[in-house]
Amino acid sequence: MPCEPGGGDEGSAEPGALKAQYRTSNSAPGDHQTKPALELVNTRGTTVDLSTVKVRHWITDQSGVTTNSTRCDWSPLGCSSITHRAAAMSSP
């Protein structure tokens, strides 16, 4: 999954310099939790201002749940450095 930094400010990575690697952390498929594990990989070795990077993980609600939530389990930068939220889309 390619990941593009936003902006274009000095210090931003060139397009395609990051890739997001995904794996599921869920070993219980019936519990209605996606539990994605995402890792950003710098493929070019250039400095990336992570405050300009936005990663989106799309899910389809098939369980009838009306609210979703997110949480950071671990980050090398510390979870307090990660902004995350669940938001409903008006249409897929």
Side-chain angles (χ1 to χ4, degrees):
M1 143 181 358
C3 182
E4 300 290 328
D9 302 318
E10 185 177 337
S12 291
E14 57 194 271
L18 296 177
K19 69 178 180 178
Q21 294 180 328
Y22 168 90
R23 69 176 171 81
T24 183
S25 297
N26 192 357
S27 59
D31 68 1
H32 304 293
Q33 297 183 33
T34 60
K35 299 182 185 178
L38 299 169
E39 181 177 2
L40 291 180
V41 177
N42 185 339
T43 62
R44 306 238 172 100
T46 55
T47 301
V48 177
D49 178 1
L50 293 178
S51 69
T52 68
V53 176
K54 183 181 288 188
V55 176
R56 293 185 173 126
H57 178 255
W58 306 97
I59 60 169
T60 302
D61 182 17
Q62 298 177 347
S63 64
V65 175
T66 57
T67 60
N68 291 293
S69 62
T70 66
R71 76 178 179 95
C72 174
D73 182 54
W74 181 84
S75 167
L77 302 174
C79 283
S80 62
S81 301
I82 307 296
T83 301
H84 50 94
R85 68 183 177 100
M89 292 175 45
S90 58
S91 66

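Starting from 1, each residue takes its place in the sequence as its number. Bear in mind that the values here come from a model prediction, so they are computed numbers and not experimental data.
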| Common cluster, V55/L77, ILVMFWY with side-chain heavy-atom separation under 4.5 Å | yes
| In Å, rounded to the nearest 0.5 Å, how long is the span from CZ of R44 to NZ of K19? | 11.5 Å
| Can you list the residues that meet the side chain to side chain donor-acceptor pair (under 3.5 Å) rule with N42, with sequence neighbours excluded? | none
| task | Mark yes or no for whether T43, through its side chain, and A17, through its backbone, hold a donor-acceptor pair below 3.5 Å. | result | yes
| said: Taking side chain to side chain donor-acceptor pair (under 3.5 Å) as the definition, give me every residue that meets it alongside T70, ordered by chain and number, with sequence neighbours left out. | reply: H84
| Where do A28 and N26 come nearest, in terms of heavy atoms and distance? | N-OD1, 2.8 Å
| Measuring from L38:CG to Q21:CD, what's the distance to the nearest 0.5 Å? | 10.0 Å
| Point-to-point distance, once rounded to the nearest 0.5 Å, from CG of D73 to CD1 of I82 | 12.0 Å
| field | Over all atoms of both residues, closest heavy-atom pair of C79 and W74 | value | SG-N, 3.7 Å
